[in-house]
Amino acid sequence: MSCWDTIQSYAFRSIGFGERLLPRSDFTLCEQFTLIGSGMLWNVYFGICALLTGFCLAVAVAVAKNDSRAFVRKPAEWFVFLFRGSPLFIQFFFAYFFFLNLKGNYAFFNPFTAAWLGALIVLFLNTAAYSAEIFFGALKSIPKGDVEAADAYGLTGWTRFRRIVFPTMLRLAWPSYTNEAIFLFHATTLVFFSGFPAWQQRGDALYYASYFADKTFNPFVPYPILAFYFILLTLAIIVVFGMVNRRLNRHLPTERHPRLRLRPNLVR
Amino acid sequence: MFAFCQDPSELETLRWLACYLTTGVHFSFYFSFIKVLGILAVTAPVALAFGFLGAMAARSRFIPFSAIGKSYIAIVRGVPDIAFFLFFVIALDQAFEWLRHSYLCPDWEEPIRQGTDFIVCPAAKLPLGSAPEVVHEAYAFGLAVITFSLVFGAFAANVLFGAMRAVPRAQLETAEAYGMSQRQTFRRVLVPQMWVYALPGLSNLWQVLIKATPLLFLLGIEDVVYWARELGGTKTARFSDYPHGDWRMWYFLALLLFYLLMTWGSEKILNRIMLRLTKGQATAGGEAQRKARPA
């Protein structure tokens, strides 16, 4: 089978198109590259969806955490502590069995035990908590003068938030938020190693990488391939977030732009 | 455990639960928490030592040393999360077996990699095929500790490297002016002062390390996750004196609470240590402490 054939039969294997059977012996480099790449589709799906939805919740939680009223602040603080203080791995397990229990009682929860929705919800809440902490820190460090100037112009409430506080917060938080995004994409590899089952062997990149490592007893090929894909993904994130960063800071002289600093992190 | 546990099917809820939670397998479950604490207790100092060596190497003036230190930091930090764990355990295992193989069986003719199999001579197997179960478990545990230490060592090296550079230059120059040698400056001035700069990073790392312990499960160790899955699963009356439905959710809730307690507790303790360390330091925190004290 030529490499092109392999790509045709396995490129979308992870979402259920193409060849049903995974290769079982005589693994070629091409098969490993194609299948692991195919699994990356899941990582990208989880990452992008969780990031977009998590962003909205994170802003709300950060603002709530910055509120002076205790009944608004406390729930936000607890939410952040709950998701930042416990391992994501355990959160996945707990959520899966929780949804499984609910499914037993209400048919509505059927899709929640599948990874595409259940794991996404966990990732969404998790990244929302981590990002909220970043945004909260940024809210705290908004220059006093900016807010005073807004007051002097008579901006209040929603207008002040939308035109002054939010853009400044985003600008200050962006370098850290870039790291959080990278970290989130790395964290998506945990999905199929926790409770969520890979239905019909449709798994993410790490799922296929460990499949190959198990079958060949040779970790030195699949894991570097996986690392290669993740480095590509990380670079793509850095480029996109760098563009946003430039746009957020376009009113400032170039030398005052905060630099994006890559601070890789390990497990969450 | 208790005398009334003879026939569990007749007990009322509270006593039943007391008996249920003190069965033999549950003690294995509780023991696995000790394993988690054990791996934390072993890994943290070893990783700190690795980090210290890495940071010292990275800031060495001797270029090969600094290259080794810097690449150790860069490589380990650059590779994404658990792939490293999965990779490292197999790689370390094979490296040990290969070393023993080349030392113990020099006459072995066949290649080590035969197609998809990794085959060493029986005497080089780690642990030996005849070894008792405990040795197998200890070996797996040891591999996990080394992996954790290597990975977290790189992160600690990065933190300490930054902290060593954060110590004000003037402090080191003063030490030199007093005629201290390079080594004395390092030992007496740099190292005592760097901790206050390193602590925020290190405490963050400690929290991450706590949260990384469930990954032991992926390394094939019978840890808390393994037991929670085992014990929580549905038990029928045929195989167990304590039949129950699917309770895995509750077991994982307990794990969640355990980890929340751990991170909450260590945050409190680390804040205390930070207060102690900032005392008298030329940092904003130290200055604030000085001002807060009544004159």
Side-chain angles (χ1 to χ4, degrees), chain A residues 25-27 43 81-102 104 182-183 185-190 193-195 205-206 209-210 212-220 222-231 233-234 262-268, chain B residues 74 76-91 93-94 113 115-119 151-152 154-155 158 204-205 207-215 217-218 224-225 228-229 232 245-264 266-267:
Chain A
S25 55
D26 306 321
F27 305 96
N43 296 98
F81 171 67
L82 182 68
F83 281 95
R84 289 188 74 221
S86 60
L88 179 62
F89 198 50
I90 304 281
Q91 289 166 21
F92 274 133
F93 271 115
F94 174 69
Y96 175 67
F97 295 125
F98 179 65
F99 289 140
L100 210 57
N101 262 16
L102 285 179
I182 294 169
F183 197 19
F185 275 93
H186 288 183
T188 56
T189 49
L190 278 174
F193 276 88
S194 56
L206 185 62
S210 76
F212 285 120
D214 281 350
K215 293 278 177 202
T216 58
F217 294 108
N218 183 3
F220 297 97
Y223 290 126
I225 294 177
L226 179 74
F228 163 77
Y229 275 119
F230 266 97
I231 289 167
L233 186 62
T234 308
L262 189 57
R263 274 173 293 135
N265 222 327
L266 196 62
V267 195
R268 69 202 294 171
Chain B
V76 178
R77 290 178 75 228
V79 177
D81 22 35
I82 59 172
F84 209 101
F85 283 88
L86 296 179
F87 167 78
F88 230 93
V89 169
I90 309 181
D93 187 32
Q94 292 189 354
R113 286 202 183 282
T116 59
D117 290 332
F118 182 84
I119 298 172
V151 173
F152 280 89
F155 281 80
N158 189 53
N204 190 22
L205 209 55
Q207 304 276 28
V208 177
L209 178 63
I210 291 177
K211 289 190 275 173
T213 48
L215 295 184
F217 171 68
L218 295 182
V224 281
V225 178
R229 275 161 56 115
D246 189 351
W247 282 1
R248 284 176 294 187
M249 182 180 126
W250 303 110
Y251 278 90
F252 277 100
L253 187 65
L255 289 193
L256 213 60
L257 291 178
F258 167 72
Y259 278 105
L260 284 176
L261 199 70
M262 290 280 290
T263 45
W264 178 78
S266 38
E267 197 181 321

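Every chain is numbered from 1 and lettered A, B, ... according to where its sequence line falls, protein lines coming before strand lines.
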* Closest approach of B:Lys211 and A:Arg84, non-hydrogen atoms and distance? -> NZ-O, 2.7 Å
* Asked: About how many Å separate CZ of A:Phe94 and OH of B:Tyr251, when rounded to the nearest 0.5 Å?
  -> 15.0 Å
* To do: Using the salt bridge (charged side-chain N to carboxylate O under 4.0 Å, His left out) rule, collect all pairs that involve residues 248-263 of chain B, keeping only residues at least two apart or in two chains.
  => B:Asp246-B:Arg248
* Structure fact -> In short, B:Phe252 meets A:Ile90 closest at the heavy-atom pair O-CG2, 4.0 Å
* To do: Just jot down the side chain to side chain donor-acceptor pair (under 3.5 Å) partners of B:Thr213, sequence neighbours excluded, or say none.
  => B:Tyr259
* Asked: chain B heavy atoms under 4.5 Å from A:Leu100: which part of the residue, side chain, backbone, both or neither?
  -> side chain
* Asked: Can you say whether A:Phe99 sits under 4.5 Å from chain B via the side chain, the backbone, both, or neither, judging by heavy atoms?
  -> neither
* Heavy-atom contact with chain A under 4.5 Å, split by part of B:Trp264 -> both
* To do: Supply the atom-to-atom distance A:Phe97 CZ to B:Leu253 CG, rounded to the nearest 0.5 angstrom.
  => 13.0 Å
* To do: Can you establish whether the number of heavy atoms outside B:Trp247 located under 6.0 Å from its atom CH2 is more than 12?
  => yes
* To do: Taking all non-hydrogen atoms of both residues into account, name the closest pair between B:Arg229 and A:Phe93 and its distance.
  => NH1-CE2, 3.5 Å
